[in-house]
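See below for the structure under consideration.
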Amino acid sequence: MSRFDQNPFDEETDRNPYSQSGRQGGGSFFDSQQPGIAMTGMIDRPSPLPPESRSGSTFDVTSDVQFSPRALRKKQKELQSREAVLRKKEEELAKREASLGIMTKNFPPFFPLIRNNIREDVPEYLQGLMFLGFWVWMGTMATLFYNLVPITAAWIGGAYDSSPGFGNFFMALLYFIIGVPGSYFLWYSRLYYAMRKDSGVGMAFFFCGFMTHVLFFIFAAISPPFSIGNAFQGSSFAGVISTINVFTHGWGVIGIFYAIGAVLFVAEAFFSFVLIIRVYAYFRGTGAIVRMKQEAARSAASSSSAV
C-alpha cells in the first residue's frame, strides 16, 4: 500500500510528530493528558516583572515609601540645600549680566519697564545719595498727579469760567503726561548711570537736566498767575499764590485741595535743591571734575585716532 493511499484526515493518524512518544512510535504527546485540554493551556504565561527603581534594583512599593518624620526632615533639608544652590546661581547670573552691561528690568514690580536696583547696582558709599534721588523722582510723579485734583475741582466747582477752567485742566494733564517719563529720561536715568559707574561725564549730564527740573518746580511752587487770551486764566499749578487767590475768593473747600498741592510743590522744590547741592558737593569733593576732564580727553583722543 502506498503512503498516499492513507487518509490524512483520519483521527487515528492525527499525532504530534514532535512528541517524544511520536518519535519513538509509542503514542501521541497527548496520550498522557486528559482529553479536551487545549494546547494553549499547556503554555504558562510569563509572570509580570516586579517594579524597578531608578537605579535598576527591584523594590517593594509598599515597603519603600516611608512617611516617618525623620524621612520628611531629611527631604526638607535636601530641598532647602537645592534652593540655596539655585539662589546662589541666580545671584551669580545677575552679577554676570551686570558685568556684561545687561540690565534686567524690574521696576515697577507689577509691570517692569526700567532697571532700578540701587542696592545691587550702586556702590554702597553712594546708595544714600541715590536713594534721595529716587524719592525726589517719586515725589515728582506724585506731585504732578495730585496737581490734577485741585485744578479739576476748581474747573468743576466753577472757580473759573468754563473755557479757562478747561485750559488749566488741560495744562495740568499735560504736565503729568510729559513730566513723568520726561523726569526719568531728563535726569533720573542720568543720575542712576553716573552713580552706578561713578562717572564724571554722567554727573555733568545729570546737572544739565536736573537744573531744568529744579527751575520748573520752583516756578510751580510759586505759581504766578498768567493769562493767554480767554483760554488760560490764573494758573495751572496748585502753588502758593494760586492757593492765596482761591482762599481770597471764598472757595474754602477748593482752597484746601490747593493748600495740599502747594505743600507738595514746595517740598518737591526744597528736596530737589537739597539733592543738587549734595550731588555737587560729592562731585567737587571726590575730584570728579578732574576725572570728567580726563574722560573727555580720552574720548576725544580715541575718536581722533579712529579717524
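Just so it is clear, the model here is predicted, and its values are computed rather than measured.
Not one N or O on the side chain of N147 forms a donor-acceptor pair closer than 3.5 Å with the backbone of G261. For the pair S242 (side chain) and A238 (backbone), a donor-acceptor distance under 3.5 Å is absent. Remark: side-chain polar atoms of T143 are not paired, donor with acceptor, to backbone N or O of F265 under 3.5 angstrom.
Side-chain contact between F107 and F134: present, with at least one pair of heavy atoms (C-beta onward) separated by less than 4.5 Å. A heavy-atom distance below 4.5 Å is found between the side chains of F217 and T140. Within the 4.5 Å cutoff, the side chain of F216 has heavy atoms near those of the F237 side chain. Considering only heavy atoms from C-beta on, V136 comes within 4.5 Å of W187 through its side chain.
Residues Y175 and L144 share a closest heavy-atom pair of O-CD1, 3.7 Å. Taking both residues in full, the closest heavy atoms of L129 and R278 are given as CD1-CB, 3.6 Å, listed atom of the first, atom of the second, then distance. Minimum interatomic distance between P108 and L113 (heavy atoms only, all atoms of both residues): CD-N, 4.0 Å. Of all the heavy atoms in T243 and G255, the pair that sits closest is CG2-O, 4.1 Å.
The line from CG of L186 to NE2 of H213 is 9.0 Å long, rounded to the nearest 0.5 Å. Distance check, rounded to the nearest 0.5 Å: CZ of R196 to CD1 of I118 gives 12.5 Å. For the atom pair S272 OG and E268 CD, the distance stands at 4.0 Å (nearest 0.5 Å). Distance check, rounded to the nearest 0.5 Å: CG of L275 to CZ of F271 gives 11.0 Å. Taking CG from L173 and CD1 from I177, the interatomic distance works out to 4.0 Å, rounded to the nearest 0.5 Å. Taking CZ from R190 and CZ from F207, the interatomic distance works out to 13.5 Å, rounded to the nearest 0.5 Å.
Hydrophobic clustering of Ile, Leu, Val, Met, Phe, Trp and Tyr side chains at less than 4.5 Å, counting indirect connections, keeps I151 apart from V263. Criterion: ILVMFWY side-chain heavy atoms under 4.5 Å apart, direct or through other members. Under it, I114 and Y193 are not part of a common hydrophobic cluster. V149 is not connected to I156 by any chain of hydrophobic side-chain contacts under 4.5 Å among Ile, Leu, Val, Met, Phe, Trp and Tyr, and they are in different clusters.
With sequence neighbours excluded, the residues that form a side-chain hydrogen bond (donor to acceptor under 3.5 Å, both in side chains) with N116 are Y188. Among residues two or more places apart in sequence or in another chain, the ring pair (Phe, Tyr, Trp, His ring centres under 6.0 Å) test is passed with F145 by F176. When the ring pair (Phe, Tyr, Trp, His ring centres under 6.0 Å) test is applied to Y184, the partners found at least two apart in sequence or on another chain are W137. For F273, there are no ring pair (Phe, Tyr, Trp, His ring centres under 6.0 Å) partners two or more places apart in sequence or in a different chain.
Residue pairs that meet the side chain to side chain donor-acceptor pair (under 3.5 Å) test with at least one member in residues 124-135, sequence neighbours left out, are Y125-D198.
The environment of M138 atom CE is dense: over 12 non-hydrogen atoms of other residues, nucleotides or ligands sit within 6.0 angstrom.
In the hydrophobic clustering (ILVMFWY side chains linked at under 4.5 Å, chained through shared members), V266 is joined by V240, I244.
Between Y258 and F247, the distance separating the two ring centers is not shorter than 6.0 angstrom.
For the residue pair Y192 and D121, a side-chain donor N or O sits within less than 3.5 Å of a side-chain acceptor on the partner.
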